[in-house]
*Asks:* 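Quick one: the structure is below, and I'll ask about it shortly.
Letters A, B, ... mirror the listed sequences (proteins, then strands); counts begin at 1.
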Protein chains: 2
Amino acid sequence: MAKKSKSEVTAERLYTISMEHFLNKGFDQTTMRDLATAAELSPGAFYYHFPNKEAVIQQFYQRSFETFEAECRAVFASTEKFEDRLTGVLKARLSTFEDSRELLIVLSRSAVDPRSPLSPFSDGQKEIREATIQIFREMIQTSDLKCEKRLRPYLPELFWMYLMGIMLFWIFDESQNQEKTDALLQQLTRQIVRLVRFTRIPLSGTVLTPLIKTLDFIRPLEPKKESTI
Amino acid sequence: MAKKSKSEVTAERLYTISMEHFLNKGFDQTTMRDLATAAELSPGAFYYHFPNKEAVIQQFYQRSFETFEAECRAVFASTEKFEDRLTGVLKARLSTFEDSRELLIVLSRSAVDPRSPLSPFSDGQKEIREATIQIFREMIQTSDLKCEKRLRPYLPELFWMYLMGIMLFWIFDESQNQEKTDALLQQLTRQIVRLVRFTRIPLSGTVLTPLIKTLDFIRPLEPKKESTI
DNA sequence: AAAACAATTTGAACGTGTTTAAAAAAGATG
DNA sequence: CATCTTTTTTAAACACGTTCAAATTGTTTT
């Protein structure tokens, strides 16, 4: 067992207390003084362990990612069918937030601010983003997906963006148990997969080539040792 | 000329002063006390005219919409080619924010909060949203676009969502003059238009029918007097 | 154990968005 | 004009995220 510093232990305790409050009273309704009081600390001491309020749910996001990752691996182990894998990944990501929609909403607020380190597009989130994209890479690699060769390397990031879009939809989905998101996700994924497959028949001149050119202009692929892929 | 109450006149003045500050110092850097001082008012008096800080840029958004609408009409008058119209509309919407990207970013912050009345998806924004969708309706109606009949009524709202997506991309686009957004918009629009056209060849059983079913489940069309359309 | 250093905690204060009770100004009515 | 009503303004205060200088506690070195 690794020795933990007092600070680490305290931070863990503060995190637990904070999450309890957030889930009960909501993020906005929970005040930093509330948290400090509950932890029998002064506000200042709380700030010694967390740089700010959002950092606490940031940690929640971080942890929930691990659950998500595990679920994805389980899905990949269970099927090679690409469509099933993709829907599986999407559902896995949403299921992690089922009981805490408000927290995802709060995270989303900073999500669209390019300057916020909490934005999934920002540098501060690079690690989680890359890890998620890596999951999509794995999803593709060992699956039965066939598609135009040139498009393939762009797919992981494109699917990641698709995931972001689905999460956004879910946030706004007020239907019972977010069943509408479920329906959309199911159908849309199916058609997207079809579309990707469809790229195998030659339509390069007027469709794929310019599109790939644009993709590369917007977000050039990093040079990568092909061996590991 | 309509008689204007003193309050209306004052609100107008406050708006002007506020926008000057926002554009010079940025939204976050401008304090309510700054604005009140500049207007030679107490903070409280300022709040008599605007319910809160964001309401001021909300008004900016409202006004910018009118410019946008006019530009769209000009585009429609100049061409019937659907693709040109769609790219025209998208570019028109972005051009309105060219000089004030930060303000759009600020607006976007509440954009992803379902509970914020400033969200383009919310009830509070229904008017502008409906008006924008109406523009897309006009764009389609008098254009040369051919597509599957059943899909047609869903297109205006779908294109509106496409616009939202493009705006989001633009917010994050740090390239020179947001040229990447421009490239994406151009290429993506072209392929989307193709895809829509493509729906005319029969693929109903496995593609279009279930997709339309899902669309209708998620966002049923309102019953409408067909005559006016 | 004393001294030096580091980690943690405190409580007061700051900045800023917003509210509020009361005053002042403007308008309407007799 | 005097009175009543409504609109507008004021100054002070609140709430809450956050910062900070100083105090306390804990650990290491001599």
*Asks:* Any donor and acceptor pair, going by atom type alone, linking the side chain of B:Ser175 with main-chain N or O of B:Lys180 inside 3.5 Å?
*Replies:*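 Yes, B:Ser175 side chain to B:Lys180 backbone: donor-acceptor pair under 3.5 Å.
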*Asks:* Which whole-number value in Å describes the distance from A:Phe50 CZ to D:dT19 C1'?
*Replies:*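 Rounded to the whole Å, the gap is 18 Å.
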*Asks:* Taking salt bridge (charged side-chain N to carboxylate O under 4.0 Å, His left out) as the test, write out the residues that go with A:Glu157, two or more places apart.
*Replies:*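 In terms of salt bridge (charged side-chain N to carboxylate O under 4.0 Å, His left out), with neighbours along the sequence ignored, A:Glu157 is linked to A:Arg219.
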*Asks:* Using a cut-off of strictly less than 4.0 Å between a heavy atom of the residue and any atom of DNA chain D, enumerate the qualifying residues of residues 100-118 of chain A by number.
*Replies:*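 Correct list: empty, so none.
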*Asks:* Measure from the side-chain N and O atoms of A:Arg190 to the backbone N and O of B:Leu211, and report whether any donor-acceptor pair falls under 3.5 Å.
*Replies:*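 The answer is no, because no donor-acceptor pair under 3.5 Å joins these two groups.
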*Asks:* Distance check needed: D:dC20 P versus A:Phe46 CZ, whole Å only.
*Replies:*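 Distance, rounded to whole Å: 19 Å.
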*Asks:* Test the A:Arg101-A:Trp170 pair against the cation-pi criterion, namely NZ or CZ under 6.0 angstrom from the six-membered ring centroid and within 45° of the ring axis.
*Replies:*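 Yes, cation above the ring, under 6.0 Å and within 45°.
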*Asks:* Looking at B:Phe27, I'd like to know if the NZ or CZ of B:Arg109 sits under 6.0 Å from its six-membered ring centre while staying within 45 degrees of the ring's axis.
*Replies:*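 The answer is no; the distance or angle limit is not met.
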*Asks:* What string of B, S and - do you get for nucleotides 16-24 of chain C, 5' to 3', when a contact is any protein heavy atom under 4.0 Å?
*Replies:* BBBBB----
*Asks:* Taking 4.0 Å as the cut-off, does a side-chain nitrogen or oxygen of A:Tyr48 come that near to OP1 or OP2 on C:dT8?
*Replies:*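 Answer is yes, contact under 4.0 Å.
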*Asks:* Could you check, using the six-membered ring where one of them is a Trp, whether A:Phe159 and A:Phe82 have ring centers closer than 6.0 angstrom?
*Replies:*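 Yes - the distance between ring centres of A:Phe159 and A:Phe82 falls below the 6.0 Å cut-off.
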*Asks:* Answer yes when A:Arg73 and A:Glu138 have at least one side-chain N-carboxylate O distance shorter than 4.0 Å, and no when they do not.
*Replies:*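 Between A:Glu138 and A:Arg73 there is a salt bridge, with a charged N closer than 4.0 Å to a carboxylate O.
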*Asks:* OP1 or OP2 of D:dT9 less than 4.0 angstrom from a side-chain nitrogen or oxygen of B:His49, does that happen here?
*Replies:*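 For B:His49, the contact criterion (side-chain N or O under 4.0 Å from OP1 or OP2 of D:dT9) is met.
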*Asks:* Hey, does the side chain of A:Thr189 reach the backbone of A:Gln186 with a donor-acceptor pair shorter than 3.5 angstrom?
*Replies:*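 A pair under 3.5 Å: no.
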